[in-house]
Structures are given as C-alpha cells and as structure tokens.
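All remarks here apply to the structure that follows.
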Amino acid sequence: MTQTEKIPFVDLVTPHKELENELVNVFKSALGTASFIGGPLVEGFERDFAQFCKTRLCVGVSSGTDALRFALMAAGVQPGDIVLTVPLTFIATTEAITQAGARADFVDVDPRTYTMDPEKLKEYLEIQCVLDQNTGQMIHRNHRKPVRAVIPVHLYGQTADMDPILELAARYKMVVIEDACQAHGAEYFSKKENRWRMAGSMGHAAAFSFYPGKNLGACGEGGAVTTNDEALAYKVRMLRDHGQSKKYYHDMEGYNGRLDSVQAGILQVKLRHLAEWNRKRRETAARYQELLAPVVDAITLPFEPNWSRSIYHLYVILIPERDKLIEHLNGEGIGTGIHYPIPIHLQTPYRALGFKEGDFPVSEKVASHAVSLPMHAHIQPEHQQRVVDSMLGLLSVTSNVAVGN
Ligand SMILES: *Cc1c(COP(=O)(O)O)cnc(C)c1O
C-alpha cells in the first residue's frame with residue numbers, strides 16, 4: 001500500500017475502462033445509423049429501466065431536473081400550487097417546483113434517516129392547513145393555496161419512509177413525485193403491502209438522474225420519469241419534445257428535454273451492471289460501519305432502518321468538527337464531499353420565502369456536520385482501511401479491527 005496514492009471520493013474512470021469496448025460500440029452503431037435522437041436505443045433503455053424499477057413505464061429525458069419538472073407538470077401541478085419537499089436536498093428539487101410555477105414549502109427530515117419525517121408532514125398538513133371541503137385538498141392558512149404535491153427525496157441512496165407519506169397523500173389528495181435521483185435500485189419494505197418496493201415505483205411518478213456521478217450515470221446528461229400512469233407518461237413525452245403529438249403538430253408548448261440515443265445506449269449497457277455495483281456499495285458501507293465502530297461516540301454513522309435497503313449513493317457521517325476532519329483527510333490525499341453545506345431554505349434564491357435559521361433544525365444540523373466519505377463500487381478495501389485509519393488517527397483512537405473480507 002502506497003501512502004501517497006490519492007484516494008478519490010468517487011471513481012468515474014474504472015467502470016468506463018472496464019466497459020470501454022461495449023460503450024464505444026454504442027457510439028459506433030449510432031454513427032452508422034445517424035440515430036442520435038429517439039429511436040430504438042431510447043426505447044430499449046426505457047423498457048429495461050422500467051423493468052428494473054418494476055414500473056410499467058419509463059420516459060427518458062435530458063436530466064433529473066427535467067424529470068422532476070416534467071413529472072410535476074404532467075401530474076397537474078399548476079401555477080400557485082404549493083409543493084412540499086425537504087430542505088436537505090440538491091437545489092434541482094426546488095428548482096423544478098418553482099419552474100413548474102408552484103411554491104416550494106418544506107417539512108424537516110428525520111434525525112436518523114435524513115429523509116422526510118412523516119410526522120412533520122402530518123403536522124404541516126393538520127396544523128398549518130385547512131381542508132377544502134369541495135376539493136378534499138389541504139389549503140395553507142397563510143398562503144391560501146392548495147398543497148397539490150409532495151416530493152419525498154430518497155437521499156444518499158436510501159428511500160424515504162413511504163407508507164405514512166403515501167397514506168397522508170391519499171387522505172389529502174396530494175400527488176407524490178419521488179425524487180429518486182440518488183436511489184437507482186434502492187428498496188423500501190412496505191408494511192402496508194407486506195413487500196419490498198423499488199424506489200421509483202411508489203409515487204404517482206418518480207424522477208431519476210443519470211448525471212455521471214450517480215449510481216447509474218451516463219457519459220453526459222440524462223434523466224428519466226418512471227410511472228404506472230399511461231396519461232402521465234404521455235404528457236411527459238409531450239413535454240420533453242416541444243409538445244408534439246406528431247412531428248410539427250404541437251398540442252401545447254413543451255421543452256427540448258429529450259434523452260439522446262447515445263446516452264440511452266450507454267445507460268442500457270451500464271444498467272446490466274447496476275445491481276452488482278449497488279451490491280458492492282452496500283458491502284463497502286457495511287465495512288465502514290464495522291471499521292468505524294470504535295468511534296461511534298464521536299461520529300454518527302448512517303442509519304439503515306429495517307425497512308430500507310440503501311444503495312449508498314453517498315456514505316455520509318456526521319461530526320461536529322467537520323472542517324477539521326475534511327482538512328485532515330485532504331492532507332492525506334483522501335477526497336471527501338459535503339452533501340449539502342447549506343439547506344435549501346437558507347439558499348439565496350429562496351430568501352423571498354422568508355425562512356430563517358432554526359426553521360428546520362434537523363436539516364440545518366446535517367448541513368453543518370455532514371461529511372461524505374469515499375464511496376463507489378470500485379473502492380479497494382485497503383483504501384477504505386486507509387480512510388478509516390486516518391480518521392481514527394485524528395480522533396486519537398487506535399483501531400484493532402482488521403478489514404473484514
Ligand atoms: C442529481 C440530483 C438531481 C438533479 O439531477 P440532474 O440530472 O443533475 O438534473 C435532483 N435531485 C437530487 C436529489 C439529485 O441528487
């Protein structure tokens with residue numbers, strides 16, 4: 001083991017090297033047919049990804065952000081509606097809400113899972129809102145607008161606790177759009193249905209991102225909407241392609257939001273390896289959990305409830321002296337990340353919404369204590385050992401736990 005060898009936070013080179021021939025062939029076949037937009041590669045990937053997510057339908061789009069925005073619009077979110085989500089997410093979640101014309105509002109996350117706290121959702125609806133007897137929807141007391149939709153974010157690879165969220169949504173006629181952009185293949189055990197359910201198959205629709213760093217990433221931009229709702233999928237297909245029902249016949253204004261064929265072909269190749277990559281990430285997480293056991297008093301490790309099978313898009317620990325740890329690891333050539341340093345309600349574009357520090361204390365705490373450790377499918381156990389040794393060094397605890405494999 002070379003101590004000077006850098007340990008990257010994520011490795012986007014190895015998986016592409018391993019699959020280079022297959023990936024290059026995708027591009028060659030696209031060149032041969034000049035099929036760059038739409039066509040069999042896109043349809044093939046959509047079919048495979050729907051099957052992977054156990055949904056009837058999948059519509060490929062140009063990014064996760066477009067997937068969220070199109071899903072909201074296709075689900076009937078109107079200008080002036082309120083759409084609820086969590087402050088602990090990537091800004092794309094709230095950009096999609098605003099760009100669909102709606103107002104973003106928030107409920108805090110659960111202190112152990114960091115995903116939407118169903119109790120907080122219930123409190124929001126039953127304390128801050130009143131029931132509209134005509135529509136059956138909840139109207140916010142101050143904004144006087146209906147709460148049309150809710151976006152639970154399956155953060156860091158772990159699903160939100162969906163049973164109670166879906167139940168509240170059904171009771172108060174809210175549309176549920178899953179933000180599954182970090183959760184390709186994550187699973188949730190539904191007590192209500194007594195079975196494991198795939199991320200992306202539980203809401204009215206779900207949004208996936210294929211940004212290169214995601215568990216399933218394109219060699220460029222990409223995204224998808226999954227759903228079982230034929231009408232919703234049809235609208236998303238219209239929205240991604242200028243509102244065309246057929247070429248140059250526009251039923252509405254849409255967007256240029258298509259998934260291109262080369263990316264679809266690349267994703268189709270990579271999808272065949274996703275389950276294996278996710279399995280390796282789970283192994284890596286289990287090894288971190290074991291190796292970091294001696295310091296659980298100083299840091300908070302990820303918590304996976306018995307209803308969750310996380311795919312560890314990120315491995316996020318909490319530590320009060322976050323900056324010190326990052327600097328220390330950086331000094332030893334170890335890459336880290338922060339997801340996310342500022343919760344959305346305190347970000348500049350949302351100042352007009354009038355939130356202040358203290359409004360969502362759990363999200364704020366995670367934002368100020370979170371460190372993402374190196375996590376990807378191709379991490380070497382020796383590298384992981386070095387990350388942990390370095391951490392234990394800082395926390396002045398000696399490890400006598402060997403790499404378990
Ligand atoms: C990556 C991500 C998105 C946006 O996806 P893009 O493909 O980058 O547009 C949305 N939500 C979450 C939680 C994400 O991690």
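All values below come from the heavy atoms of this structure, side chains included, with hydrogens, waters and symmetry mates left out. Numbering of residues begins at 1 and proceeds along the displayed sequence. These numbers were taken from a predicted model, which means no experiment stands behind them. Atoms within a ligand are numbered from 1 in the order they appear, just like the ligands themselves.
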ask   = Which option out of Lys214, His154, His313, Arg69 puts a heavy atom nearest to atom 2 (C) of ligand 1?
value = Lys214

key: Aromatic ring pairing Tyr255/Phe70, orientation class (parallel under 30°, perpendicular over 60°, tilted between)   = tilted

ask   = When the ring planes of His184 and Phe208 are compared, do they come out parallel, tilted or perpendicular, using 30° and 60° as the limits?
value = tilted

task = Enumerate the atoms of ligand 1 whose separation from the nearest heavy atom of Ala92 is less than 4.0 angstrom.
result = 3 (C), 4 (C), 10 (C)

inquiry  = Below 4.0 Å, non-hydrogen atoms only: which portion of Asp179 touches ligand 1? Side chain, backbone, both or neither.
reply    = side chain

note = Numbered in order shown, the ligand 1 atoms found under 4.0 Å of a heavy atom of Cys181 are 2 (C), 3 (C), 10 (C), 11 (N), 12 (C), 14 (C)

ask   = Considering only heavy atoms, does Ser63 approach ligand 1 within less than 4.0 Å through its side chain, its backbone, both, or neither?
value = both

message = Less than 3.5 Å apart, any donor N or O on the side chain of Glu304 or Ser310 sitting next to an acceptor on the other?
response = no

message = I'd like to know if Arg56 pairs up with Glu46 as an ion pair, taking the criterion as any Lys NZ or Arg NE/NH1/NH2 lying under 4.0 Å from an Asp or Glu carboxylate oxygen.
response = no

Contact check: Phe210 vs ligand 1, nitrogen or oxygen atoms, below 3.5 angstrom = no

ask   = Of all the non-hydrogen atoms in the protein, which one sits nearest to atom 9 (O) of ligand 1, and at what distance?
value = Thr65 OG1, 2.4 Å

task = Fit a plane to each ring of His376 and His378, take the angle between them on a 0 to 90° scale, and name the class: parallel (under 30°), tilted (30 to 60°) or perpendicular (over 60°).
result = parallel

query = Thr89 to ligand 1: N or O pair under 3.5 Å?
reply = no

request  = Please determine if Arg197 and Glu193 form a salt bridge, counting it only when a charged side-chain N lies under 4.0 Å from a carboxylate O.
outcome  = yes

query = Short N/O distance, under 3.5 Å, between Glu221 and ligand 1?
reply = no

query = Counting from 1, what ligand 1 atoms have a heavy atom of Gly64 closer than 4.0 Å?
reply = 5 (O), 6 (P), 7 (O), 9 (O)

note = If you scan protein heavy atoms around atom 8 (O) of ligand 1, the nearest is Ser209 OG, 4.0 Å

request  = Determine whether the side chains of Glu167 and Tyr172 contain a donor N or O and an acceptor N or O closer than 3.5 Å.
outcome  = no

task = Using salt bridge (charged side-chain N to carboxylate O under 4.0 Å, His left out) as the criterion, point out the one residue from Lys270, Lys17, Arg272 that pairs with Glu22.
result = Arg272

